[in-house]
Protein chains: 2
Amino acid sequence: MIELRHLKYFVAVAKELSIGRAAVALNISQPPLTRQIQQLEEDLGAVLFVRSVKGVELTDAGRTLYEEARNILSLVDLASERTRRAAQGRIGRLDVGIFGSGMYDIIPRVLRKFRAAFPEVKIVLHPMTKDAQVEALRQRRINVGFNRLVPRYPDIASRVVMWERLYIVVPESDPLAGRAEVSIAELVDSPFVLFPKVARPNFNDFVASLCQRHGFVPHIAQEVGEATTGVALVASGFGVCIVPESVKYFRADGVVYLPMTESPPTMLDVTCLYCLEDNSPILAEFLGVLEEFRRENDVVGDPHVL
Amino acid sequence: MIELRHLKYFVAVAKELSIGRAAVALNISQPPLTRQIQQLEEDLGAVLFVRSVKGVELTDAGRTLYEEARNILSLVDLASERTRRAAQGRIGRLDVGIFGSGMYDIIPRVLRKFRAAFPEVKIVLHPMTKDAQVEALRQRRINVGFNRLVPRYPDIASRVVMWERLYIVVPESDPLAGRAEVSIAELVDSPFVLFPKVARPNFNDFVASLCQRHGFVPHIAQEVGEATTGVALVASGFGVCIVPESVKYFRADGVVYLPMTESPPTMLDVTCLYCLEDNSPILAEFLGVLEEFRRENDVVGDPHVL
DNA sequence: GCGGGGCGATACTCTATCGGTATGAATCCA
DNA sequence: TGGATTCATACCGATAGAGTATCGCCCCGC
């Protein structure tokens with residue numbers, strides 16, 4: 001069977017046009033090289049060199065193989081290198097579970113940072129709910145998932161990516177619209193636009209517990225699936241809405257974003273989930289980038305557990 | 001050192017996701033396969049599989065190598081195949097020495113026929129004189145040369161490609177212009193446009209010997225390098241010109257091509273030269289095509305030797 | 001809870017083959 | 001004609017690839 005050794009030897013002989021000189025270059029003696037070349041010719045069923053008393057020269061078949069062999073040998077080198085880099089997590093792909101409002105600001109910032117450090121890693125985004133992320137993490141369909149208000153699982157680790165302040169969204173026509181900031185207590189009589197209970201613990205429970213802390217139960221006017229839809233409904237006068245800060249990047253006519261007062265302010269997390277048993281080197285590198293991101297943004301603490 | 005065996009084994013394991021099953025597919029036993037994979041991982045410095053109790057699965061590095069290895073293995077197969085075909089003369093290049101008036105008809109017909117049979121052989125044309133062709137053939141810069149009136153050489157073989165009748169070119173105003181055919185004897189008083197003595201024996205000598213046979217010495221009005229230039233000079237009234245039939249394909253205003261009568265008609269050869277010591281398989285295939293061309297056109301005999 | 005089955009890893013042996021040394025055969029040149 | 005050069009051949013020792021036997025591990029079922 002043809003081996004890379006044969007090709008390497010052949011290329012050396014083709015370069016030197018002499019078996020003896022090629023043997024020197026390869027640091028072997030001449031007879032074994034002669035034999036390897038004979039073997040290669042035998043295997044291919046083609047004469048590669050015409051032997052003369054002053055060396056060898058390539059036949060048409062030899063010239064053809066020369067081009068091919070050099071290409072193959074360089075591809076093998078390249079493959080080794082790429083494999084090594086893949087083992088170090090420098091190339092490959094990172095499958096990321098994402099959710100709506102995280103993509104307005106926080107998640108893109110983290111992913112940009114990672115892409116800058118590992119440009120050869122392909123980042124594949126998968127919008128999915130909290131439960132779907134946990135399931136996908138376990139099955140390695142994704143390597144990391146981003147979400148809020150994540151529960152604890154024995155096999156899933158979590159790191160807070162960012163703490164966000166909460167904002168109250170009111171229509172421009174609302175009496176509160178001119179205020180610099182608003183307390184949630186002032187929303188006692190306002191109808192709320194909230195997000196559906198697709199996964200517990202969820203943002204609904206979070207808002208409900210906030211209201212409860214201020215002594216009232218929110219009046220739910222409408223449930224929506226997306227933060228942006230909620231803001232649009234606020235603009236249409238369906239009620240008020242509480243959103244994390246990054247939703248502010250969604251500019252909508254007819255609404256005002258007011259920071260919610262509390263001391264200390266209530267913060268909502270964006271948390272990164274990953275499977276403890278996933279030892280993909282790319283994941284490891286990503287977690288390194290994430291830690292750096294946390295340091296840069298002074299993010300401390302563990303996720304809220306309701 | 002990494003060998004193709006390693007890659008082949010690795011691909012088999014990656015396909016089966018099981019060392020045991022891959023060993024069966026490879027017709028070897030399981031332990032050596034295990035060792036080869038370990039060796040590959042060692043050489044690359046990368047873990048390619050995560051072993052589990054129910055088989056193995058690819059790591060990121062393994063997935064990377066899988067793509068590369070399959071590509072490399074298929075390239076090796078391709079290279080073998082191409083080399084074999086090159087050995088049979090089915091791919092490669094044919095360097096061809098050509099001359100002016102041969103390219104009007106005869107040489108293109110032969111080369112088209114060869115190209116149809118061996119489309120992967122690249123045909124490279126080199127316009128050159130007779131002597132340059134012989135020199136180039138000896139140095140293998142060309143594999144075949146086309147020419148006329150070739151001398152004999154000990155190391156150069158020749159096969160006539162086509163015999164051509166001679167035509168007399170006269171201006172439209174010439175008294176002979178209306179005739180169906182003309183004997184060279186009727187040109188006793190006409191000035192001749194002839195071709196330079198770049199290589200002996202040449203067309204000049206050929207025409208001179210023809211005139212001598214009819215009892216006169218031609219009056220040379222002008223010497224030119226190209227048959228088409230000669231025809232153009234005839235059109236301008238410089239004299240008459242004798243050309244082989246294929247020059248008729250060069251249509252020029254103001255001239256008439258008249259077949260030269262003689263019985264039997266004097267024929268001029270287009271001959272293919274090649275070096276007896278050139279054992280390129282492509283040359284061999286070309287000579288096969290050439291023989292077929294000769295049969296199709298009922299070409300017999302050896303070249304004229306003046 | 002224990003034993004059987006399945007999978008990969010290890011230990012050991014055998015042998016094919018790779019590489020080394022010595023030498024031969026052919027050719028060229030002085 | 002003899003030395004030098006180049007590739008080919010003969011033979012030998014060592015490496016390592018492939019085989020057999022077995023271990024260790026884990027899952028699964030009784």
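Note: hydrogens, waters and symmetry copies are ignored here, and every other heavy atom, side chains too, is used. Within every chain, numbering begins at 1; the chains are lettered A, B, ... in the order of the sequence lines, protein sequences first and strands thereafter.
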Margin query: Does B:Gln36 reach a base, just sugar-phosphate, or nothing at all? Heavy atoms under 4.0 Å.
Written below: sugar-phosphate
Next item on the list: Could you tell me whether the side chain of A:Gln38 has a donor or acceptor atom within less than 3.5 Å of a complementary atom in the base of D:dA8?
Entry: no
Next item on the list: Return the nearest nucleotide to the side chain of A:Gln30; candidates are C:dT27, D:dA8, C:dG8.
Entry: D:dA8
Margin query: Can you measure B:Asp43 atom CG to D:dA16 atom P for me and round it to whole angstrom units?
Written below: 11 Å
Margin query: Using OP1 and OP2 only, check whether a side-chain N or O of A:Ser29 sits under 4.0 Å from C:dG19.
Written below: no
Next item on the list: Tell me which of B:Lys54 and A:Arg51 sits closer to the 5' end of DNA chain D, going by the nucleotide each one is nearest to.
Entry: A:Arg51
Check: In whole Å, what is the span from the CG atom of B:Asn27 to the P atom of D:dG19?
Finding: 9 Å
Notebook entry, point to check: Looking only at N and O atoms, is any donor in the side chain of B:Arg35 or the base of C:dA9 less than 3.5 Å from an acceptor on the other one?
Noted result: no
Notebook entry, point to check: Which listed nucleotide (D:dC7, D:dA18, C:dT10) is nearest to the side chain of A:Ile19?
Noted result: D:dC7
Margin query: By nearest heavy atom, map B:Gly20 and A:Gln39 onto DNA chain C; which one lands nearer the 5' end?
Written below: B:Gly20
Check: At under 4.0 Å, does any side-chain N or O of B:Ser18 touch on OP1 or OP2 of C:dG8?
Finding: yes
Next item on the list: Could you tell me whether the side chain of B:Arg21 and the main chain of B:Glu16 form a donor-acceptor pair under 3.5 Å?
Entry: yes
Item checked: Atom-to-atom span, CD1 of B:Ile37 to P of C:dT10 - whole angstrom -> 14 Å
Next item on the list: Return the value, rounded to whole Å, for the distance between atom CD of A:Glu57 and atom C1' of D:dC7.
Entry: 14 Å
Item checked: Value in whole Å for how far the P atom of C:dG8 lies from CD of B:Glu41 -> 13 Å
Item checked: Separation of atom NE2 in B:His6 from atom C1' in D:dG17, rounded to whole Å -> 9 Å
Note to self: Students often get this wrong, so: under 4.0 angstrom with heavy atoms, is B:Phe49 touching a base, only sugar-phosphate, or nothing?
What the structure shows: nothing
Checklist line | Proximal nucleotide (of D:dA18, C:dA22, C:dG19) relative to the A:Pro31 side chain | finding: C:dA22
Item checked: Nearest-Å distance for atom pair CE/P, residues A:Met1 and C:dA16 -> 17 Å
Check: Which atom pair, heavy atoms only, marks the closest approach of B:His6 to B:Met1?
Finding: CE1-O, 3.6 Å
Check: Is the distance between the ring centroids of B:Phe114 and B:Phe293 under 6.0 Å?
Finding: no
Check: Given that A:Val53 and A:Leu33 both sit by DNA chain C, which one's nearest nucleotide is further toward the 5' end?
Finding: A:Leu33
Checklist line | Minimum heavy-atom distance B:Arg141-B:Ala132, with the two atoms named | finding: NH2-O, 4.4 Å
Margin query: Taking B:Arg5 first and then A:Glu3, would you say they form a salt bridge - that is, a charged N and a carboxylate O separated by under 4.0 Å?
Written below: yes
Item checked: Spacing between B:Ile28 atom CD1 and D:dT20 atom P, to the nearest angstrom -> 12 Å
